Amino acid sequence: VMPAVILVVVLVATVETMADLQTGDSPDALQVEIVGHQWWWEVNYPDAGVTTANEIHIPVGQPVEFTLTSADVIHSFWVPQLGGKLDLLPEDENVLVLEADAARVYRSQCAEFCGLQHANMGFVVVAEPPDEFQAWLDAQSQAPSEPAAGEAEQGREVFLGSNCVECHAIRGLSTPTKPGPDLTHFAGRSNISAALLPNTPEQLREWIADPQHFKEGTSMPAADLSDDDLSALVTYLQGLE
């Protein structure tokens with residue numbers, strides 16, 4: 001009898017917790033919209049008009065309400081150390097509420113097989129003190145500074161004159177709605193291609209030159225650029241802070 005009583009208590013508590021996580025009942029929750037793509041994560045902060053990719057910043061000690069959807073197939077949003085896992089559906093929205101109680105970086109992963117590069121569809125959640133989070137969000141809402149004359153300025157022209165601008169938005173430079181990740185403050189991100197590579201000049205150059213080498217099947221084509229133009233483009237993107 002006692003094991004049965006214990007199981008019933010645990011079941012009731014579990015069901016109530018799952019309901020809270022999925023419906024969200026915190027009026028002070030930060031609103032974050034997540035859109036899954038093959039194979040990267042679009043991250044929107046609707047109240048601030050901020051869009052980024054593959055790196056989610058949240059304030060410590062405040063509930064965050066994630067609205068989840070997909071642009072293509074079913075994905076699954078999972079931050080193991082924060083608990084909770086929920087699917088992103090192409091024709092519906094799910095809601096998951098999470099809260100971090102410590103400032104740290106949480107490595108996360110798509111948990112639903114979504115194609116060839118499913119295993120390489122990671123992301124990071126950066127939990128930081130509320131004042132640091134607000135400073136980050138305020139900076140993200142601004143257009144990046146103008147590139148310095150020279151190689152960085154040349155890189156901006158390469159971006160505008162190549163097929164990069166067809167898929168990627170940069171605030172103040174190209175239209176906001178694009179099929180690929182927003183690059184507005186790209187230099188401030190820790191990773192490239194959904195946490196597959198570290199965001200360094202060397203890795204960025206290799207990624208742009210031949211993305212299929214790292215992520216076969218990705219929709220990003222290899223850049224048809226000269227060495228000088230490729231170097232200039234990398235310099236420009238690494239200056240987008």
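All values below come from the heavy atoms of this structure, side chains included, with hydrogens, waters and symmetry mates left out. Here the structure is a predicted model, which means the values were calculated and not measured.
- Under a 3.5 Å cut-off, the side chain of Gln117 and the backbone N or O of Glu216 do form a donor-acceptor pair.
- In this structure, the salt bridge (charged side-chain N to carboxylate O under 4.0 Å, His left out) partners of Glu146, at least two apart in sequence or on a different chain, are Arg156.
- Between the Thr69 side chain and the Asp92 main chain, a donor and an acceptor come within less than 3.5 Å of each other.
- To the nearest 0.5 Å, atom CD of residue Gln38 and atom CH2 of residue Trp40 are 12.0 Å apart.
- Counting heavy atoms from C-beta outward, Val126 and Ile58 have side chains that stay 4.5 Å or more apart.
- The shortest distance between side-chain heavy atoms of Glu206 and Phe214 falls below 4.5 Å.
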Fill in: Check against side-chain contact (heavy atoms from CB on, under 4.5 Å), Ile56 and Ile34
CA-CA 9 Å; Ile56 306 168; Ile34 306 293; 3.7 Å; yes
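- Judged purely by distance below 3.5 Å, without hydrogens or angles, the side chains of Asp138 and Gln134 pair a donor atom with an acceptor atom.
- Hydrophobic clustering places Leu173 together with Leu237 (ILVMFWY residues linked when any side-chain heavy atoms are closer than 4.5 Å, directly or through intermediates).
- Put simply, the side chain of Lys85 never gets that close to the backbone of Cys110: no donor and acceptor are under 3.5 Å apart.
- With values rounded to the nearest 0.5 angstrom, Leu233 atom CG is found 10.5 Å from Leu160 atom CG.
- What you find for Ile192 and Pro198 is that their closest heavy atoms are CD1-O, 3.5 Å.
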Item to complete: Please step through ring pair (Phe, Tyr, Trp, His ring centres under 6.0 Å) for the pair Tyr106 and Trp78, ending with a clear verdict.
Response: CA-CA 10 Å; Tyr106 298 89; Trp78 185 34; over 10 Å; no
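- More than 12 heavy atoms of other shown residues, nucleotides or ligands fall within 6.0 angstrom of atom CG in Asp131.
- At distances below 3.5 Å, not a single donor-acceptor pair connects side-chain atoms of Asp87 with backbone N or O atoms of Ser76.
- Contact annotation: the side chain of Ile170 approaches that of Phe159 to within less than 4.5 Å [non-hydrogen atoms, C-beta and beyond].
- Taking 4.5 Å as the limit, every side-chain heavy atom of Ser70 sits out of range of all side-chain heavy atoms of Val35.
- When all heavy atoms of Ala102 and Ala127 are compared, the pair lying nearest together is O-CB, 3.6 Å.
- The aromatic rings of Phe77 and Trp41 lie perpendicular to each other, with more than 60° between the two planes, well past the 30° mark.
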Practice prompt. Report the C-alpha separation of Val124 and Asn191 in whole Å, then their side-chain angles, then the decisive distance to 0.1 Å, and conclude whether the side-chain contact (heavy atoms from CB on, under 4.5 Å) test is met.
Written response: CA-CA 9 Å; Val124 295; Asn191 67 82; 3.8 Å; yes
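- A donor-acceptor pair is defined here as one N or O able to donate and one able to accept, closer than 3.5 Å; such a pair exists between the side chain of Ser226 and the backbone of Asp229.
- Ion pairing of Asp227 with Arg205 is present here, as a side-chain N (NZ or NE/NH1/NH2) and a carboxylate O approach within less than 4.0 Å.
- Residues Leu137 and Val50 have side chains in contact (heavy-atom distance under 4.5 Å, counting atoms from C-beta outward).
- Remark: the backbone N or O of Cys114 is paired with a side-chain donor or acceptor of Trp39 at under 3.5 angstrom.
- Side chain of Asn199 to main chain of Arg189: a donor-acceptor pair is present (N/O by atom type, distance under 3.5 Å, no hydrogens or angles).
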Worksheet item: Checking side chain to side chain donor-acceptor pair (under 3.5 Å) for the pair Asp182/Thr184: CA distance, chi angles, key distance, verdict?
Response: CA-CA 6 Å; Asp182 187 291; Thr184 299; 2.6 Å; yes
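- At a threshold of 4.5 Å between non-hydrogen side-chain atoms, the residues Val9 and Leu7 do not count as touching.
- Looking only at distances, no side-chain donor or acceptor of Glu33 sits under 3.5 Å from a matching main-chain atom of Pro46.
- Side-chain atoms of Gln81 and Arg104 form a donor-acceptor pair, as typed in the model, at a separation below 3.5 Å.
- When side chains are defined from C-beta on, Met220 counts as touching Trp207, because their heavy atoms get closer than 4.5 Å.
- Within the 3.5 Å criterion, the main-chain N or O of Val165 finds a donor-acceptor partner in the side chain of Lys178.
- Using modelled atom types, one finds a donor on one side chain and an acceptor on the other under 3.5 Å when comparing Ser190 with Glu55.
- Leu30 is connected to Leu82 through a chain of hydrophobic side-chain contacts under 4.5 Å among Ile, Leu, Val, Met, Phe, Trp and Tyr, so both are in one cluster.
- Residues Val32 and Thr67 fail the side-chain proximity criterion, which asks for heavy atoms closer than 4.5 Å.
- Between the side chains of Glu42 and His37, a donor-acceptor pair is found at a separation under 3.5 Å.
- The aromatic rings of Tyr45 and Trp136 sit perpendicular to each other, their planes meeting at more than 60°, with 30° as the lower class boundary.
- Without hydrogens or angle criteria, His185 side chain to Leu240 main chain gives no donor-acceptor distance under 3.5 Å.
- When hydrophobic clusters are built by joining Ile, Leu, Val, Met, Phe, Trp and Tyr residues whose side-chain heavy atoms come closer than 4.5 Å, directly or via intermediates, Leu116 is grouped together with Met121.
- Across Val64 and Pro59, no two heavy atoms sit closer than the pair CG2-CD, 4.4 Å.
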